[in-house]
Undergrad: 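Here it is, the structure, as structure tokens.
This is a predicted model, so every value here is computed, not measured. The first residue of the sequence shown is numbered 1, and numbering continues consecutively from there. First listed ligand is number 1; within each ligand, the first listed atom is number 1.
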Amino acid sequence: MLLGDEFKTMKTKIVTIDSNNFKPDELKEAAEILRKGGLVAFPTETVYGLGADGQNPDASGKIYAAKGRPSDNPLIVHIADLKALKELTAICPEKGRQLAEAFWPGPLTLIFNKSSKVPYSTTGGLNTVAIRMPAHPIAYELIRSSGVYVAAPSANVSGRPSPTKAAHVIEDLNGIIDMIIDGGKADIGLESTIVDVTTEVPAILRPGYITAEMIEQIIGKVEYDKAVLTRVQDFNIKPKAPGMKYKHYAPKGDLTIYEGNSKSVVRAINKIAEEKLLTGYKVGIIGTDETVSYYHKGIVKTIGTRKDESTIAGSLFEILREFDSEGADYIYTESFENKQLGQAIMNRLLKAAGYHIEKV
Ligand code: AMP
Ligand code: MG
């Protein structure tokens, strides 16, 4: 739920910083806010994060309040120095160390058994802790210069599509947090891959830009948590990443995914769009560069090109937000091949659609 304006009583400072060309001084105030227990939203290479001092329970408590996040959904702790791993984990398994060395800084989160230095308020009561070292220059420098371990989930109100631009953060959190750093568009646009390295065979808890193939090249066999591949509600599966059990990324409109060969999908979407329009509903269609000219009804948008799936990942959440502001009642989208980056895209789309998929 978005908070009503009457609750947005704080003065949020919004600063613009050039990601490719800034002086560390420009992050001084943001770092100070983090040290003092406040909240700062900042760009990362995945999505925008909402940061607080992860070792200060009052500060991380403010994250839960600002986002309306369930208290059992743990936060990812962001670091800027590999030495932090030793301090924050009870043990660092060899495969965890290898993955950290291969992909950090970068869009990979690792789950370890936590040390006593990580409060339960940050881990949602779990004995494990999620850790990531981001590559985005602003995120990295902010964490480094603040000197704190920055607990940071995505900077959206719980349940809304993750923010890939400062404008999305402003939409959700202006008046509720201390500062928003506008550093331009988040490159990847999907949240980090999460890998649990506490088990003998590590498991992917959330797919992302770093794929299973890339991980297996470093450490050999990796498994998937059941909740990644199966609809959680169906089998009472308890996902290892608590966040994966919540309805997520949902636009306000009713989203349906169409799967099949390209021609059949276009035909089916045009047909359903026409029916809904005739009954007076506002309809949104998500096509690709390859198909967009074949859709004739409703508000039609292209999500990117199938020739480069990173373009699709990069605009998925933004498109869902756009349809929200345009008031679409029904949204129809094409589906994507469930492998490599497509797997992360389909994982987010399926959740956004409440697993509503039509095979044509
Ligand atoms: P967000 O940063 O909003 O994308 O959410 C962080 C994700 O990391 C959520 O799905 C959490 O459930 C997951 N997560 C954080 N800490 C842990 C942990 N210790 N064990 C498993 N999953 C975690
Ligand atoms: Mg999130």
Side-chain angles (χ1 to χ4, degrees), residues 39 41-52 54 60 63-64 66-79 85 88-92 96 107-115 117-134 136 139 149-164 168-169 172-173 186 188-199 202-210 223-228 232 237-250 313 316-317 320-321 344 347-348 351-352:
L39 300 186
F42 57 93
T44 84
E45 70 275 26
T46 57
V47 298
Y48 270 71
L50 176 61
S60 48
I63 292 181
Y64 288 93
K67 282 179 60 85
R69 185 177 176 99
S71 61
D72 69 345
N73 190 2
L75 308 173
I76 296 173
V77 178
H78 293 73
I79 61 171
L85 258 189
L88 299 175
T89 64
I91 30 162
C92 178
L108 176 71
T109 296
L110 298 170
I111 308 287
F112 297 96
N113 287 309
K114 78 174 195 71
S115 75
K117 297 236 163 120
V118 185
Y120 284 109
S121 46
T122 291
T123 68
L126 297 174
N127 283 317
T128 52
V129 59
I131 304 180
R132 175 164 105 88
M133 188 191 292
H136 192 289
Y149 301 128
V150 180
S154 49
N156 54 299
V157 162
S158 269
R160 292 213 73 203
S162 295
T164 55
H168 303 156
V169 184
D172 284 13
L173 300 176
I188 296 171
L190 297 179
E191 306 86 344
S192 57
T193 306
I194 303 181
V195 179
D196 182 351
V197 292
T198 63
T199 46
I204 295 178
L205 310 190
R206 176 172 74 184
Y209 183 84
I210 306 284
E223 287 175 346
Y224 283 99
D225 185 46
K226 281 196 197 75
V228 173
V232 174
I237 288 168
K238 202 168 169 224
K240 271 187 131 184
M244 300 299 272
K245 73 172 175 273
Y246 296 106
K247 187 170 181 191
H248 237 75
Y249 319 116
L316 172 59
F317 289 137
L320 295 180
R321 278 182 183 258
N347 172 269
R348 309 306 192 275
K351 282 167 154 287

Undergrad: As an exercise, state the distance from CG of Asp172 to OG of Ser158, rounded to the nearest 0.5 Å.
TA: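 The distance works out to 10.0 Å.
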Undergrad: Identify which one of Thr44, Val47, Thr164 satisfies the side chain to side chain contact (heavy atoms under 4.5 Å, CB included) criterion when paired with Ser154.
TA: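 The residue from Thr44, Val47, Thr164 that satisfies side chain to side chain contact (heavy atoms under 4.5 Å, CB included) with Ser154 turns out to be Val47.
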Undergrad: Is the shortest heavy-atom distance from the side chain of Ile91 to the side chain of Phe112 under 4.5 Å?
TA: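 SC-SC contact between Ile91 and Phe112 ruled out.
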Undergrad: Taking both backbone and side-chain atoms into account, decide whether Asn156 has an N/O/S atom under 2.8 Å from the Mg ion (ligand 2).
TA: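 No, Asn156 does not qualify, because none of its backbone or side-chain N, O or S atoms lies under 2.8 Å.
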Undergrad: Assess, by modelled atom type and distance only, whether the side chains of Lys67 and Asn156 contain a donor and an acceptor separated by less than 3.5 Å.
TA: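 Distance-only check passes for Lys67 and Asn156.
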Undergrad: Identify the residue among Val150, Leu50, Val169 that makes a side chain to side chain contact (heavy atoms under 4.5 Å, CB included) with Phe42.
TA: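 The residue from Val150, Leu50, Val169 that satisfies side chain to side chain contact (heavy atoms under 4.5 Å, CB included) with Phe42 turns out to be Val150.
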Undergrad: Can a donor-acceptor pair be found between the side chains of Glu191 and Ser162 at a distance below 3.5 Å?
TA: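 Side-chain D/A pair, Glu191 to Ser162: present.
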Undergrad: Could you pull out the N/O contacts under 3.5 angstrom between ligand 1 and the surrounding protein atoms?
TA:
residue	atom	partner	partner atom	Å
ligand 1	2 (O)	Ser154	N	3.4
ligand 1	3 (O)	Arg69	NH1	3.1
ligand 1	3 (O)	Ser154	N	3.2
ligand 1	3 (O)	Ser154	OG	3.1
ligand 1	4 (O)	Arg206	NH1	2.7
ligand 1	5 (O)	Arg69	NH2	3.2
ligand 1	12 (O)	Asn73	OD1	2.9
ligand 1	12 (O)	Pro242	N	3.2
ligand 1	12 (O)	Gly243	N	2.6
ligand 1	19 (N)	Thr128	O	3.3
ligand 1	19 (N)	Thr128	OG1	3.0

